[in-house]
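Chain letters run A, B, ... following the sequence lines, proteins first and then strands; every chain starts at 1.
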2 protein chains.
Amino acid sequence: MTSEKTLKQFNLRITKIRIAVLDALSASPAALSYSVLQDALSAFDRTTLYRTLLTLTDHGLIHKAYEENGESYYARCFGCTGQDHHHEHLHLKCSSCGGVECLEISEELKLNLAQLPFEEINISAKGPCSSCAIQGG
Amino acid sequence: MTSEKTLKQFNLRITKIRIAVLDALSASPAALSYSVLQDALSAFDRTTLYRTLLTLTDHGLIHKAYEENGESYYARCFGCTGQDHHHEHLHLKCSSCGGVECLEISEELKLNLAQLPFEEINISAKGPCSSCAIQGG
DNA sequence: CTGTTTATGCAACATTGTTGCATTTTTAGT
DNA sequence: ACTAAAAATGCAACAATGTTGCATAAACAG
Ligand SMILES: [Mn+2]
Ligand SMILES: [Mn+2]
Ligand SMILES: [Zn+2]
Ligand SMILES: [Zn+2]
C-alpha cells in the first residue's frame with residue numbers, strides 16, 4: 001500500500017515529510033536511526049521530523065525499535081493500531097554491523113510473554129544479524 | 001559487602017565518586033535515573049559521573065536498566081562479572097509512578113530466552129509496579 | 001615517601017529532546 | 001475552484017545528555 005493511502009487510512013493529514021518517512025522506513029529491511037532519517041530528510045526541519053516521528057508512533061504506523069546511548073532506531077509497524085503497539089517480536093542490534101532488525105519469535109516465547117501482566121513488553125538483543133552471521137564474524 | 005571492598009574485588013581503584021555511585025544504587029530498591037544520580041552527586045563533575053557509570057558498567061558492577069527518550073536508569077548488578085552482564089530478569093517502567101525496577105522472571109521464560117542465539121538479551125515492560133498496583137491506579 | 005598509573009575537573013562541542021509561536025499547508029464545506 | 005478552519009511546518013531557543021582532549025590531582029605499588 002502507498003504511504004498516502006496508509007495515512008488516509010489512519011485519518012492523518014497527508015504531508016510531504018510523513019510520506020517521506022513512511023517511504024523510507026517501508027523501503028528499508030532494517031530499522032533506521034534518527035540520524036540516518038535526519039540526513040535523508042535534511043530538506044525538512046528536524047523539529048518537524050521529531051514531531052512526525054511522534055505522530056506516526058502515536059498512531060501505530062511506526063515504532064521505536066531500539067534506543068541506546070541516545071540513538072534511536074525506527075521501523076515500520078505492521079498490524080499495530082493506535083496506541084496499541086503489540087510487538088510480538090524481538091529487536092536485534094547487530095554486534096557486527098550495528099544495524100537493527102525486527103525478528104519474529106517463537107510461539108512458545110510469545111505465550112510466555114503474553115502471560116506477564118504488563119501493558120507493553122519489548123525484547124532487545126545483541127548479536128550477529130542474519131547478514132553478518134553468514135559472512136562470519 | 002561495602003562498596004570499597006566491591007571495588008577492590010573488581011580490581012578498580014577506590015575513589016569517592018565510585019563509592020558514592022555504588023552506595024546510592026545499592027541503597028535504592030529501584031533503579032536510579034541519570035538525572036537523579038547527577039543531583040545526588042552534584043559535588044562531582046558530570047563528566048566524571050559519565051565515565052564512572054561507563055567504568056562500573058564495563059566491569060559488571062552496575063547496568064543500565066532502562067533507557068527512554070534519552071533518560072537512562074541504572075541499577076546495581078548482582079552476579080555479573082566483567083563484560084558478561086547476564087540479566088535474567090525484566091526491567092519494568094512503572095506506568096504510574098515512573099519508577100524502574102528489576103524483576104525476576106519465571107524459569108520457563110529464562111529457558112526460552114536462553115535458547116536464543118544472542119550474546120545479550122533484555123526485556124523491558126511498562127505497567128504498574130508492585131507499590132502502585134497495591135494502591136490501585 | 002616517591003614515581004607511575006589512573007581518575008578527575010574543566011572546557012568545548014555535537015546530538016537530541018522539547019516547547020512556543022508565527023506562517024504555511026491541508027482539508028472540508030460552499 | 002474559493003474560502004475559512006484546523007493542523008502541520010519552520011525557526012528560534014533552550015535544556016539535557018553524550019563525548020573527547022588535556023592539564024591537574026588522586027590512588028596505588030614498591
Ligand atoms: Mn519492531
Ligand atoms: Mn536489571
Ligand atoms: Zn549485522
Ligand atoms: Zn509505580
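- Two residues, B:R51 and B:N69, neighbour DNA chain C, and the one matched to the more 5' nucleotide by heavy-atom proximity is B:R51.
- Per the geometry, CG belonging to B:D58 stands 15 Å off C1' belonging to C:dA7, to the nearest Å.
- Annotation for A:K110: atom NZ counts as buried by contact number, over 12 foreign heavy atoms lying within 6.0 Å.
- Here C:dT25 presents its C1' atom at 16 Å from CD of A:E4, a figure rounded to the nearest Å.
- If you measure from atom CD of A:Q38 to atom P of C:dT18, you get 15 Å, rounded to the nearest angstrom.
- Between A:T47 and B:L54, it is A:T47 whose nearest contact on DNA chain D lies nearer the 5' terminus.
- Put simply, the side chain of A:N69 never gets that close to the backbone of A:E71: no donor and acceptor are under 3.5 Å apart.
- By the 30° and 60° cut-offs, the orientation of the rings of B:H63 relative to B:H89 is tilted.
- Close approach of DNA chain D to chain B, defined as any atom under 4.0 Å from a non-hydrogen atom of the protein, starts and stops at D:dT17 to D:dC28.
- In this structure, the CG atom of A:L53 is 11 Å from the P atom of C:dT16, given to the nearest Å.
- The interatomic distance linking A:Y50 (OH) with C:dT18 (C1') rounds to 5 Å, in whole Å.
- Taking five base pairs at each end of the helix from C:dC1-D:dG30 to C:dT30-D:dA1, the local helix axes there meet at an angle of 40°, rounded to 10°.
- Put simply, CD on A:E71 is 17 Å from P on C:dA14, counting in whole angstrom units.
- In this structure, A:I14 places its CD1 atom 14 Å from C1' of C:dA28, rounding to the nearest Å.
- Here the CG atom belonging to A:L92 is positioned 11.5 Å from the CD atom belonging to B:E120, to the nearest 0.5 angstrom.
- As a member of the Ile/Leu/Val/Met/Phe/Trp/Tyr network built from side-chain separations under 4.5 Å, A:L111 groups with nothing else and remains a singleton.
- Side chains of A:T52 and A:R18: no donor on one and acceptor on the other come within 3.5 Å.
- Heavy atoms of B:T55 sit nowhere under 4.0 angstrom from any nucleic acid atom.
- Under the 3.5 Å distance criterion, the side-chain polar atoms of A:E4 are left unmatched by any main-chain donor or acceptor of A:I19.
- With hydrogens and angles ignored, a donor-acceptor pair closer than 3.5 Å exists between the side chain of A:R46 and the base of C:dG17.
- Judged by distance alone, the side chain of B:S42 and the main-chain N or O of B:Q38 form no donor-acceptor pair under 3.5 Å.
- A:T48 comes within 4.0 angstrom of a nucleotide base, judged by non-hydrogen atoms across all strands.
- Regarding A:K8, its NZ atom lies at a distance of 13 Å from the P atom of C:dT26, rounded to whole Å.
- Judged by distance alone, with hydrogens and angles left aside, the side-chain atoms of A:H91 form a donor-acceptor pair with the main-chain N or O of A:A65 at under 3.5 Å.
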